[in-house]
Amino acid sequence: MPLSTQSQIEDEQYVFMASLDNARNISNILKAIAFKDHAVFTATPNGLKVTVEDSKCLQANAFIQVEVFQEFTIKEDVVGFQVNLTVLLDCLNIFGGSTAPGVSTALRICYKGYGYPLTLFLEEGGVVTVCKINTEEPEETIDFEFCSSDVTNKIILQSENLKEAFSELDMTSEVLQFTMSPNQPYFRLSTFGNSGNAHYDYSKDSDMMELFKCTKTQTNRYKMSLLKPSTKALALSCKVSVRTNSRGFLSLQYLIRNDDGQICFVEFYCCPDEDVEED
Amino acid sequence: MKFRAKIVDVACLNHFSRVVTTISKLTKSCVLRLTPDNLFFVMSGKVANGGVSMWCELAQANFFDEYQMEGVSAEDNEICLELTPENLSRALRTLQNAKVLKVKLAKKHCPCLTIAAELPTLSSVGKVVTHTVPVDVIPRRLWHELKEPSMPDFDVSIYLPPLKTMKNVVDRMKNLSNFLVVKANLNGEMNLKIETDLVSVSTHFRDLGNPPWGDDASQDGGPSQSRDPDSMAEARVDIRRLQQFLMGQQINPTKAMCNIVHQKVVHLILLHEDMSLQYFIPAVA
């Protein structure tokens, strides 16, 4: 329907409505988890969580806190829907997603509830775009049961250092092996590719290590193809927390600062590829 | 049949090169029509190119310092050559800093345009580089296909929004759909819209202004005065054709316009001081 008929009465029909001065603040975060088309959106009074999964082995969650939005209204405790993320990203970048200073796309997201499309109003330089993205029945997301009490090893480091290692990773290796230990090699990434094995070691005392809390030596392998999508989030992030639990599940949490200096989180959970004999 | 021309001015050379590059992005093959006063790049709306047609007109005096031609006969003082604009564009691009550029119609193994350029060197001896672009001479009996398309009897004529903005929007829409509906009215409003099973997206441009065709006696077929200014004329087009037009253009036009014949055709016009480019995209059902 045309913009002119949008009235306050209309506004009241929305179960969820949020607005943002700069659409890039959410499109950047969503791009970091856009490795599959289907994304489950969960809006709560705390903000928006977007979940993408692959092969029941990998789950990515983007958390966009309520502070990131200029307006955030929710009429129920939880509002959930599923949309095609690739389509959503094309809509959010309809004006090209310019990074030029002083140019930004204002965004308003509206959702009337079950069965209705997700409506986006975007405006840049006086030009308005209205997008209606059909919503789907939200699929059940996996509960990785990754609770903090069960964390065996945890480190926090500045992303810069992990970026370097990831950019040099041997992609011919099927797996990426994480070794975390209270003793040497402390934190080690290993690949087993066509041209041989490679190890990247991080000392626990270096400046880039912000936290080192490893209680037990753990060596786990994760499919490279599953970890590859997380490099997008890594590229945007300033800090990363690497955790493993007693079952060898991996959690990577990326702290991302947006254009306006606000903080968002993107987290990845990944199943171990196989059990490796501990030595 | 004779043709030879010379460009000395580097700005003219760059401008000519940009025009040819623009043409090369729009079509693989087109006809270069030469008359004593003008050069035309023409593509007629054949099924093979999706019914799209193009008409680009350049005043020779604004590009060339010397321009001599002799057509097939005194009455039909024209030459029509079919060529691949990309070949011409590539030649011109590599000769961008030429001191002098000479274009000549020649017959080697086959008819061709030779583009000879004198390039600056560090020594006093100049370096001459010659490119050869093969052409097909179009016989007189086929010229009727190369007439200037008549101004369609459009329902709405409107100035286009900034082409860069339009390109961004159309690029994204192309990711989502194969077809796009262009709508405009006489109130300076234009909408671009796509609709698929997954999503509908419509972008609304306002305050674009409508060109004053009606007052100009040389233009017939302007929109009727009685048309309701808010009523939209629309045409559904193959989004690739529109994208191609927006992507390739390097002309930096002083005016960009769009005429819509309701459910028939979208007619795009780019005007620059010494050239004009018209592009016709037929509507699809």
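Naming: A, B, ... by sequence-line order, numbering from 1 per chain.
Only the backbone of B:Asp197 comes within less than 4.5 Å of a heavy atom in chain A; its side chain stays farther off. Only the side chain of A:Asn84 has a heavy atom closer than 4.5 Å to any heavy atom of chain B.
Most heavy-atom pairs under 4.5 Å with chain A: of the set B:Val170, B:Asp207, B:Leu192, B:Val201, this distinction falls to B:Val201. Highest contact tally toward chain A, considering only B:Thr196, B:Val169, B:Ile194, B:Asp171, is held by B:Val169 [criterion: heavy-atom pairs under 4.5 Å].
Side-chain contact check for B:Val199 versus A:Cys91: some heavy-atom pair is nearer than 4.5 Å. In this structure, the side chains of B:Val31 and B:Phe41 stay at 4.5 Å or more apart for every pair of heavy atoms.
Below 30°, between 30° and 60°, or above 60°: for B:Phe280 and B:His267 the angle between ring planes is below 30°, a parallel geometry.
Between B:Glu86 and B:Arg93 there is a salt bridge, since at least one side-chain N of the basic residue sits less than 4.0 Å from a carboxylate O of the acidic one.
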